[in-house]
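Okay, so here's the structure we're looking at.
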Amino acid sequence: MAEHFQEDSVAAVGVRIDAEHPHGMIFDPHQPQLRVTDLGAIRGDGVFETMYCLGGEIRKLDAHLRRLARSAGICELPLPPAESWRAAVDLGIEEFSTRGTLPEHLTIKLVVTRGVEGEPAADDPAFAGTAWVLLTPAPEALLASRGEPIAVTLLDRGHDSTAAERAPWLLLGAKTLSYAVNMAALRHAKQHGFDDVIFRTSDGQVLEGPTSTVLLVHRGAEGSPPRLSTPERESGILPGTTQGAIFAAAERAGWELGYGPLTPEELHAADHVFLASSVRLVSPVSRIDDVEVPVDHDLTAELTALLAEDLPVGRPLDD
């Protein structure tokens, strides 16, 4: 039976990383590549990162590689060295250029799984799992939705704010392939008339979105700098690379910065609320459940401009 792919996926480039090809090898992502016994496929036992590439320039590459290593460390996964990922990404971009069709906007996904149980792919522990890079043009619908106001719903993530420290086996704060809960939350939201989700703990702390970080802005008194806040990482959230880049630029611009813990009440009391992610960038929240939130398009543009400075990400990845 013939397979049918969306136009964007047909244009994808895949790069495999293994012991024989530590700097990457181009493969056809539309042909079978993964063994059906790979633990990434049957158990979600792996980690990933999604990066944004604009005009051939990769945004926040160092931060994404650090977070990938952090996630792999939490999960005790084999991980090729940073130079392998860098070379593989460069090879993928070069492949697009060779075709003469380097897209202006690229989504780049880095993936590593534990591989096949009992059958390491190599004697070198760094290459014992399954690793690849997938480069795909960013969907036009996603690009068109950037900066548009969104309605979100608060959903219980199913653990309290002490779970990350009390139960490390939950892998909170790692970007794993086990995204079934996140996707179920988004489906639930859309079925009830919302665009996205903000998770909270069972004891009332604000966490993150299924694929984004939460940002709060308080205007402050006239003449004083605005205050930019985000939930604390210790509650079990993923360190946000986009949030980190915005914070780095905001700090240089003289903004005040704050790091949770944050409650739903503080979320509602903020002057403005945003969700931030690598490819969607900055999305202003216009409604949280049945509570309207003011939207300031100039402020959205200002945060997007801060992100465009592409400064090195410090906290929370380096603390």
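If you read the sequence from its start, that first residue is 1, and numbering goes on from there.
- Taking a 4.5 Å side-chain heavy-atom cut-off between Ile, Leu, Val, Met, Phe, Trp and Tyr, the cluster of Leu262 extends to Ile150, Val152, Leu154, Ile198, Val206, Val214, Leu216, Leu267, Val273, Leu275, Val285, Ile288, Val293.
- Summarising the geometry, atom CG belonging to Leu134 is positioned 4.0 Å from atom OG1 belonging to Thr136; distances are rounded to the nearest 0.5 Å.
- Listed by chain and number, the residues in a salt bridge (charged side-chain N to carboxylate O under 4.0 Å, His left out) with Glu309 are Arg252 (sequence neighbours excluded).
- Looking at heavy atoms from C-beta onward, Pro239 lies in side-chain contact with Arg70 at the 4.5 angstrom threshold.
- The only option from Val112, Thr113, Leu39 that meets the side chain to side chain contact (heavy atoms under 4.5 Å, CB included) definition with Thr130 turns out to be Thr113.
- Applying the salt bridge (charged side-chain N to carboxylate O under 4.0 Å, His left out) test to residues at least two apart or on different chains, the pairs with a partner in residues 262-289 are Asp196-Arg280.
- Between the Lys109 side chain and the Leu135 main chain, no donor and acceptor come within less than 3.5 Å of each other.
- Note on Phe194 and Val197: separate hydrophobic clusters, where clusters join Ile, Leu, Val, Met, Phe, Trp and Tyr whose side-chain heavy atoms are under 4.5 Å apart, directly or indirectly.
- More than 12 heavy atoms of other residues, nucleotides or ligands shown are found within 6.0 angstrom of CD on Glu95.
- Side-chain atoms of His272 never come within 3.5 Å of backbone atoms of His218 as a donor-acceptor pair (strictly under, hydrogens ignored).
- Looking at Leu215 and Phe247, their side chains come closer than 4.5 Å, going by heavy atoms from C-beta outward.
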- Would you please test Ser277 and Thr213 for side-chain contact (heavy atoms from CB on, under 4.5 Å) and show each step? CA-CA 7 Å; Ser277 57; Thr213 306; over 6 Å; no
| field | side-chain hydrogen bond (donor to acceptor under 3.5 Å, both in side chains) between Ser278 and His64, intermediate numbers included | value | CA-CA 10 Å; Ser278 289; His64 282 289; 3.3 Å; yes
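- Across all their heavy atoms, Pro125 and Pro78 have their closest contact at O-CB, 3.0 Å.
- A salt bridge (charged side-chain N to carboxylate O under 4.0 Å, His left out) check over residues 201-214, counting only residues at least two apart or in different chains, returns nothing.
- By the rule that hydrophobic residues join a cluster once side-chain heavy atoms approach within less than 4.5 Å of another member, Leu311 and Trp255 end up as members of separate clusters.
- Leu299 CG to Leu228 CG: the interatomic distance, rounded to the nearest 0.5 Å, is 9.0 Å.
- In this structure, the separation between NE2 on His297 and OG1 on Thr304 is 12.0 Å, given to the nearest 0.5 Å.
- Residues Thr300 and Asp296 fail the side-chain proximity criterion, which asks for heavy atoms closer than 4.5 Å.
- You'll find the side chain of His21 stays beyond 4.5 Å of the side chain of Ile17, heavy atoms only.
- At distances below 3.5 Å, not a single donor-acceptor pair connects side-chain atoms of Thr101 with backbone N or O atoms of Ser97.
- Put simply, the side chain of Thr107 does not reach to within 4.5 Å of the side chain of Pro137, judged on heavy atoms.
- Between Thr37 and Glu117, the closest side-chain pair of non-hydrogen atoms is not below 4.5 Å.
- Under a 4.5 Å side-chain heavy-atom cut-off, the cluster of Ile, Leu, Val, Met, Phe, Trp and Tyr residues that includes Val116 has no other member.
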Using residues 172-185 as the side-chain source, report each donor-acceptor pair under 3.5 Å to any protein atom, sequence neighbours left out, with the distance given to one decimal.
from	atom 1	to	atom 2	distance (Å)
Lys175	NZ	Tyr179	OH	3.2
Thr176	OG1	Ser178	N	3.2
Ser178	OG	Gly44	O	3.2
Asn182	ND2	Pro210	O	2.9

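- Every pair passing salt bridge (charged side-chain N to carboxylate O under 4.0 Å, His left out) that includes a residue from residues 71-86 is listed here, sequence neighbours excluded: Asp62-Arg86.
- Residue Leu102 is grouped with residue Val133 when hydrophobic side chains (ILVMFWY) are merged at heavy-atom distances under 4.5 angstrom, including chains of intermediate members.
- Of all non-hydrogen atoms in Leu257 and Ala250, the two that sit nearest each other are CD2-CB, 4.2 Å.
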Do Tyr52 and Ile58 pass the side-chain contact (heavy atoms from CB on, under 4.5 Å) test, and can you show the C-alpha distance, the side-chain angles, and the key distance before you say yes or no?
CA-CA 6 Å; Tyr52 174 50; Ile58 305 163; over 6 Å; no
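- Taking a 6.0 Å sphere around CD of Glu256, one finds it holds more than 12 heavy atoms contributed by other residues, nucleotides or ligands.
- No donor-acceptor distance shorter than 3.5 angstrom exists from the side chain of Thr162 to the backbone of Arg166, with no hydrogens or angles considered.
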Go through Ile42 and Val36 one step at a time and tell me if the side-chain contact (heavy atoms from CB on, under 4.5 Å) criterion holds. CA-CA 7 Å; Ile42 61 176; Val36 295; 5.9 Å; no
Using the side-chain contact (heavy atoms from CB on, under 4.5 Å) rule, take Arg227 and Val217 through it: C-alpha gap first, then chi angles, then the decisive distance, then the call. CA-CA 6 Å; Arg227 178 176 175 80; Val217 176; over 6 Å; no
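- Between Ser71 atom OG and Phe48 atom CZ the span is 9.0 Å, to the nearest 0.5 Å.
- With values rounded to the nearest 0.5 angstrom, Leu106 atom CG is found 12.5 Å from Arg59 atom CZ.
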Before giving the answer on salt bridge (Lys or Arg N to Asp or Glu O under 4.0 Å), spell out for Arg67 and Glu49 the whole-Å C-alpha distance, their side-chain angles and the decisive distance to 0.1 Å.
CA-CA 8 Å; Arg67 194 169 66 176; Glu49 283 290 319; 2.8 Å; yes
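- Pairing each heavy atom of Gly204 with each of Pro264, the nearest pair is O-CD, 3.2 Å.
- Hydrophobic clustering keeps Val295 apart from Leu303 (ILVMFWY residues linked when any side-chain heavy atoms are closer than 4.5 Å, directly or through intermediates).
- For the pair Arg114 (side chain) and Pro120 (backbone), a donor-acceptor distance under 3.5 Å is absent.
- Using modelled atom types, one side-chain atom of Ser84 and one backbone atom of Pro22 make a donor-acceptor pair closer than 3.5 Å.
- In this structure Arg200 satisfies the side chain to side chain donor-acceptor pair (under 3.5 Å) test with no other residue, sequence neighbours excluded.
- Side-chain contact check for Val13 versus Phe27: every heavy-atom pair is 4.5 Å or farther apart.
- Cluster annotation: Leu142 is connected to Leu307 through the hydrophobic network of ILVMFWY side chains, with a link wherever side-chain heavy atoms come within less than 4.5 Å.
- Sorted by first and then second residue, the salt bridge (charged side-chain N to carboxylate O under 4.0 Å, His left out) pairs with a member in residues 22-40 read Arg35-Glu119; sequence neighbours excluded.
- Heavy-atom contacts from other residues, nucleotides or ligands closer than 6.0 Å to CD of Glu57 number 12 or fewer.
- Clustering of Ile, Leu, Val, Met, Phe, Trp and Tyr by side-chain heavy atoms under 4.5 Å joins Leu171 with Ile74.
- Looking at Leu306 and Val282, their side chains never come closer than 4.5 Å, going by heavy atoms from C-beta outward.
- Between the OG1 atom of Thr241 and the NZ atom of Lys60 there is a distance of 3.0 Å, given to the nearest 0.5 Å.
- In terms of the ring-ring contact (aromatic ring centres under 6.0 Å, His included) criterion, His23 has no residue partners (sequence neighbours excluded).
- Counting only residues at least two apart or on different chains, no ring pair (Phe, Tyr, Trp, His ring centres under 6.0 Å) pair has a member in residues 111-165.
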